Visitor: 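Okay, here's the structure, questions in a sec.
Keep in mind that what you see is a predicted model, and the values were worked out from it rather than measured. Reminder, nothing fancy here: chain letters follow the sequence lines and each chain counts from 1.
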Amino acid sequence: MSGQEQQRRNTPEPEEPTPPAPAQVASEAKKDAELDSFLDEIDGVLETNAQEFVHGFVQKGGQ
Amino acid sequence: MTVRRVMGIETEYGVALPGQPAADPIMWSGRVVQGYVRSAATNASLPLTSGWDYADETPLRDARGFSMARALADVSQLTDVDDPMIANSVLSNGARLYVDHAHPEYSSPEVMSPLDAVRWDRAGELVMRQAADHWAQTGEPVRLYKNNVDGKGASYGTHDNYLVPRSVPFADLISGLLPFLIARPAICGAGRVGLGVASQGAGFQISARADYIEAEVGLETTLKRPIVNTRDEPHASPSVHRRLHLITGDATCADVGTLLKVGSTSAVLRLIESDRHPRIELVDPVAGARTLSRDPSFAATVLSTDGQRLSALDILEAYLVACREAVADEAPGWVADSDTQMLLERWQAVLDQLRVDPSQLGAQLDWVAKWNLLRGFKDRDDLSWNDPRLQLIDIQYSDVDLSRGLAAKLRAAGRLESLVSDEAVRAAMVTPPLDTRAWFRGACVARFGADVKAASWDSVVLLDRRSRPQRVGMPEPEGGTESIWADRIASSTTSADLLEHLSD
């Protein structure tokens, strides 16, 4: 399988020749809604100052 | 064939105290060990006054047949000097909990199956969580991360170890493993935000460790890190066994990723031992590791010396096909047991899905779980790859704390598949695997506590009737099992009793 084919699958384009079946569209929409609500939940637990936290996360090298 | 063999996973955890930039990571790593020992149940760990028995440690011996002179070694390679300031304990599950350089490390007990490797690796997460909870209750909120990079240049290891017959030529291990190990992150990578050792470039990659690998083969682990590490420290009869110590792997939270990491590697070792491994020789494996890590669409290829362009999935498929053929041929040592069938089915299913749509594997692989989260936030909030929020998600993914860790949140939401129940993982914090010498080590800790004066991978030092330390060697990793020792341990009230029963 070529990389171009993979790219197309990962990023749906408007000119996709075969439109997905309605059931599939509904299921994808449900998945998107679930992900959105999960992202909202994650928002609530992320460190509040991302920049400061990331800047301060400094480790010593190990093995 | 079987994927069953003696194996284990060592993990150096990241350690941070937010808001305390001056906190000493070595001291805090020691406190993490102390925090677990203090908060663990009686006889769930050896007291810190007991030692690690260094008698058989040889970190400077090289599998290619020579030893590095001690005067030439970088100080960070000298791991066999007992430092009383550095905390160390052996747990009743057979694991070692100690400080390695500037990180708390959980070295799992020796297990025989990939599924047990998952179980006792996750038990290590609970050990770290308990240690962090201990300090949080005293007002010192230390944070621990099951990851491998800080994104600013530092990397720390998760090493997977396998017992291999000494009779297998090391050159065969090198040639058989190099292509496999650079392709392996596709089925077990942790994912990382940032390209380059100090994240000089913006973007996402599959492997956390790929940018820190600088050589094909070598003895070092803290600098010039190699794809195949030659440390020849078998912790077992050196004439019979070799311990293959692999340092390229990522710390994984996803059960399926961990299973595939150690299971596929054990299967590939069996191929090499049977001289059935695919003959793939790459022009530049070190550069190839980076190339493959940076393309989650798997279009990227590496060049073989016979002119083929191979993707990570092509390479992994070649190894998987060789395993399937060996099973189909019923080659000697290749009768598939349930552990092997499970591994081969999972490996095939994940490879097939990676070819079609990797994003569907978020419940199985950390790099996909992380990638899906990152792309979700990126699209929703229109963020660029160098936005601190995405870097934060990368780090916080592996926080061992239940209320903060994103992998833990995914698991709690049913978005990360568990192969081992939470109850089994909790039990594995304090009980050893039944079928390796880890059982004897763990049982001695549980039964005799402070009368175990020291322990190591291949020894336990017990007090005899006159309180003199006696060293019990365990040169066979598959010895020391529950079936051999349970009766004698049960009938011994003291370590002296056991010493007298050893030769029964």
Side-chain angles (χ1 to χ4, degrees), chain A, chain B residues 10 12 14-16 18-19 21 25-26 76 79 100-103 105 145 148-157 159 221-223 225 247 295-301 311 313 355-359 372-373 376-377 380 387-393 395-396 403-406 409-410 413 415:
Chain A
M1 184 181 305
S2 83
Q4 278 185 328
E5 281 168 334
Q6 292 246 326
Q7 291 284 2
R8 206 171 297 145
R9 263 201 201 90
N10 293 343
T11 325
E13 289 168 28
E15 65 271 23
E16 194 75 32
T18 323
Q24 196 185 336
V25 172
S27 142
E28 290 295 319
K30 183 164 169 283
K31 269 191 181 166
D32 287 350
E34 281 173 8
L35 180 65
D36 284 346
S37 115
F38 187 69
L39 295 184
D40 291 342
E41 188 190 333
I42 297 294
D43 270 329
V45 302
L46 285 177
E47 306 281 351
T48 43
N49 189 333
Q51 181 137 23
E52 186 182 292
F53 179 86
V54 169
H55 183 72
F57 187 81
V58 178
Q59 299 289 305
K60 294 261 189 209
Q63 294 216 54
Chain B
E10 317 161 49
E12 298 169 29
V15 54
I26 299 176
S76 62
T79 60
D100 196 353
H101 302 288
H103 298 273
E105 172 166 329
Y145 298 84
N148 301 106
V149 298
D150 69 358
K152 300 168 188 71
S155 183
Y156 32 103
H159 303 167
T221 55
T222 54
L223 42 106
R225 295 186 184 92
I247 68 166
D295 184 11
S297 78
F298 300 107
T301 57
S311 72
L313 304 185
R355 286 194 188 277
V356 178
D357 180 3
S359 72
N372 286 347
L373 275 182
F377 278 99
R380 190 192 71 179
D387 191 285
R389 289 192 73 209
L390 298 185
Q391 295 169 321
L392 170 65
I393 288 165
I395 297 168
Q396 199 171 330
S403 66
R404 287 189 307 268
L406 305 187
K409 288 279 174 202
L410 286 166
R415 290 173 165 268

Visitor: Just wondering, are more than 12 heavy atoms of other shown residues or ligands nearer than 6.0 Å to CD in A:E34?
Guide: yes

Visitor: State, to 0.1 Å, how close B:A154 and A:G61 come at their nearest heavy-atom pair, and which atoms those are.
Guide: CB-N, 3.8 Å

Visitor: Using non-hydrogen atoms and a 4.5 Å limit, figure out which bit of B:I395 sits close to chain A: side chain, backbone, both or neither.
Guide: side chain

Visitor: Before you tell me yes or no, could you show the steps for B:Q396 and A:V45 under side chain to side chain contact (heavy atoms under 4.5 Å, CB included), namely the whole-Å CA-CA distance, both residues' side-chain angles and the distance that decides it to 0.1 Å?
Guide: CA-CA 9 Å; B:Q396 199 171 330; A:V45 302; 4.2 Å; yes

Visitor: Above 12 or not: heavy atoms from other molecules or residues under 6.0 Å from CD of A:E41?
Guide: yes

Visitor: What residue, out of A:L46, A:I42, A:L35, has the most heavy-atom pairs lying under 4.5 Å from chain B?
Guide: A:L46

Visitor: List the steps and the verdict of side chain to side chain contact (heavy atoms under 4.5 Å, CB included) for B:H103 and A:Q63.
Guide: CA-CA 10 Å; B:H103 298 273; A:Q63 294 216 54; over 6 Å; no

Visitor: Is there a donor-acceptor pair under 3.5 Å between the side chain of A:Q59 and the backbone N or O of B:S155?
Guide: no

Visitor: Shorter than 4.5 Å, heavy atoms on both sides: which option in B:R415, B:Q391, B:K409, B:R389 has the most such pairs with chain A?
Guide: B:R415

Visitor: Kindly write out the residues that satisfy side-chain hydrogen bond (donor to acceptor under 3.5 Å, both in side chains) with B:D387, not counting sequence neighbours, or none if the list is empty.
Guide: none

Visitor: What residue in B:P25, B:S403, B:P388 has the most heavy-atom pairs under 4.5 Å with chain A?
Guide: B:P388

Visitor: Can you tell which part of B:R380 gets under 4.5 Å to a heavy atom of chain A, answering side chain, backbone, both or neither?
Guide: side chain

Visitor: For B:E12, is it the side chain, the backbone, both, or neither that has a heavy atom closer than 4.5 Å to a heavy atom of chain A?
Guide: side chain

Visitor: Specify whether A:F53 and B:Y145 have parallel, tilted or perpendicular ring planes, treating 30° as the upper limit for parallel and 60° as the lower limit for perpendicular.
Guide: tilted

Visitor: Chain A heavy atoms under 4.5 Å from B:L373: which part of the residue, side chain, backbone, both or neither?
Guide: both

Visitor: Evaluate side chain to side chain contact (heavy atoms under 4.5 Å, CB included) for B:L392 paired with A:F57, printing each intermediate quantity in order.
Guide: CA-CA 9 Å; B:L392 170 65; A:F57 187 81; over 6 Å; no

Visitor: Does any heavy atom of chain A fall under 4.5 Å from the side chain of B:V149, the backbone, both, or neither of them?
Guide: backbone

Visitor: In terms of heavy-atom proximity below 4.5 Å to chain A, should B:P21 be classed as side chain, backbone, both, or neither?
Guide: neither

Visitor: Which atoms form the tightest heavy-atom contact between A:F38 and B:A413, and what is the distance?
Guide: CE1-CB, 3.8 Å

